[in-house]
Amino acid sequence: MQHKTKLAPLAGAIVFALASSAFAQEVVVKLGHVAPMSGGQAHYGRDNANGAQMAIEELNAKGVTIGGKKVKFEALMEDDAADPKQGTAVAQKLVDAKVNGVIGHLNSGTTIPASKIYHDAGIPQISPSATNPKYTQQGFKTAFRVVANDAQLGGTLGKYAVKTLKGKSIAVIDDQTAYGKGVADEFAKAVVAAGGKIAKREATNDKATDFMAILTAIKGKKPDVVFFGGMDNVAGPMLRQMKQLGINAKFMGGDGICTSELAKFAGDGMSDGQVVCAEAGGVMGDQQKKMDEFVDRYKKKFNQDVQIYAPYVYDATMTMAAAMQKANSAEPAKYLPVLAKIKYDGVTGKIEFDGKGDIKDGTLTLYTYKAGKKEKIAVVK
């Protein structure tokens with residue numbers, strides 16, 4: 001009996017030691033994810049967070065090893081409420097938490113100020129959706145994006161307004177955010193370059209609900225195209241008020257309005273084929289099958305449709321993890337140079353960055369709406 005009592009604690013200690021060493025072999029890799037999870041853009045934020053969650057769950061199910069050790073990816077989800085001040089506060093919080101990388105932010109207005117904080121800490125950041133050109137023009141080696149920028153997006157739409165829609169009187173409204181003003185400026189530049197004319201330029205804000213004054217001013221110019229730089233929750237009510245005032249113009253916008261929610265926000269204010277919008281990204285040919293499979297997996301998992309950016313968040317997360325695996329390290333300083341040269345085949349297409357951190361060969365997809373449903377017009381480069 002005495003021998004057994006001495007052995008029992010010893011056996012327990014051996015089991016504990018073995019368990020501890022096995023546990024020690026598993027390394028936790030923390031990835032920050034930031035998007036607006038509250039406020040008027042929370043539907044975008046949830047969509048983005050879902051994309052990150054899918055990627056992390058799939059990576060953990062696969063059992064990824066980095067540097068010979070099993071890795072467990074952990075998501076640190078933060079809400080920036082689409083507010084630049086809150087964006088920098090949560091960026092600092094993630095730096096203090098010693099994250100290995102950041103996926104986000106969603107908006108250009110939060111991504112740009114936050115990018116300096118990540119850069120100063122040497123933490124790689126991939127935005128799945130910030131399109132303002134300034135983001136990658138700051139000379140930060142840590143900043144990347146997986147979507148085309150506003151120069152491509154606004155430029156394509158501006159040319160389309162003049163050449164395809166034959167717009168003679170074109171009005172431009174923006175919400176004065178880094179994204180909204182940025183894409184509107186690029187659109188206006190492209191209209192002029194294509195031989196068109198901006199008849200009226202107006203500004204609102206990203207929380208506005210009453211546009212009667214600016215729309216009345218625009219109505220006097222008899223517009224055939226109205227471009228809005230901003231988001232769907234503002235564009236919807238604007239379309240309803242355009243209808244009330246009898247403005248029968250085509251309504252154009254960037255990826256901010258190009259969502260499945262736009263029809264809900266617009267109600268009966270949107271007629272079939274009236275809206276033409278562009279989404280950064282887009283797949284062609286064989287790539288469509290991969291995207292369709294992702295959309296099906298997403299719907300099965302979350303019981304809702306992809307809003308817009310979830311596939312790009314998913315790809316951004318997978319690309320970052322692939323760079324870590326290739327570098328054999330999750331340490332930012334070690335995998336950052338590998339990330340800069342990565343070639344990753346994602347659900348949204350081939351991901352490869354140029355010297356600034358912009359995606360190479362970024363595509364755009366033009367859409368319209370019929371019976372409240374998004375309908376693809378074309379994928380363009």
Taking only residues two or more places apart in sequence or in another chain, which ones pass side chain to side chain contact (heavy atoms under 4.5 Å, CB included) with [X]?
X	value
His43	Arg46, Asp232, Glu261, Phe265, Gln307
Ala121	Val95, Ile123
Asp120	Lys116

Dump the intermediate steps for side-chain hydrogen bond (donor to acceptor under 3.5 Å, both in side chains) on Asp80 and Thr110, then the final yes or no.
CA-CA 7 Å; Asp80 66 13; Thr110 53; 3.1 Å; yes
side-chain hydrogen bond (donor to acceptor under 3.5 Å, both in side chains): pairs with one or both residues in residues 352-362, sequence neighbours excluded:
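Qualifying pairs, neighbours excluded: Thr136-Asp358, Arg145-Asp358, Glu352-Lys360.
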Exercise answer: donor-acceptor pairs, residues 274-283 side-chain atoms, under 3.5 Å, sequence neighbours excluded:
unit_1	atom_1	unit_2	atom_2	d
Gln274	OE1	Ser271	N	3.1
Gln274	OE1	Ser271	OG	3.4
Gln274	NE2	Ala249	O	3.1
Glu279	OE1	Lys374	NZ	2.7

Hey, can you tell me if Tyr298 and Phe294 have their rings parallel, tilted or perpendicular (30° and 60° cut-offs)?
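Ring orientation, 0 to 90° scale: tilted.
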Looking at [Y] and [X], is any side-chain nitrogen of the basic one under 4.0 Å from a carboxylate oxygen of the acidic one?
X	Y	answer
Arg297	Glu58	yes
Arg201	Asp185	yes
Asp296	Lys300	no

Please examine the side chains of [Y] and [X], heavy atoms only from C-beta on, and report whether any two atoms are closer than 4.5 Å.
X	Y	result
Leu215	Gln244	no
Phe251	Ile257	yes
Thr348	Met291	yes

Partners meeting salt bridge (charged side-chain N to carboxylate O under 4.0 Å, His left out) with Lys334 (sequence neighbours left out):
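By the salt bridge (charged side-chain N to carboxylate O under 4.0 Å, His left out) rule, Lys334 matches Glu331.
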For the side chain of Lys219 and the backbone of Leu245, is there at least one donor-acceptor N/O pair under 3.5 Å apart?
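The answer is yes, because a donor-acceptor pair under 3.5 Å joins these two groups.
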Measuring from Asp206:CG to Asn107:CG, what's the distance to the nearest 0.5 Å?
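So the gap between those two atoms works out to 8.5 Å.
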Looking at Phe144 and Ala340, what are the two nearest heavy atoms and their distance?
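Scanning both residues completely, I find the closest heavy atoms to be CE2-CA, 3.8 Å.
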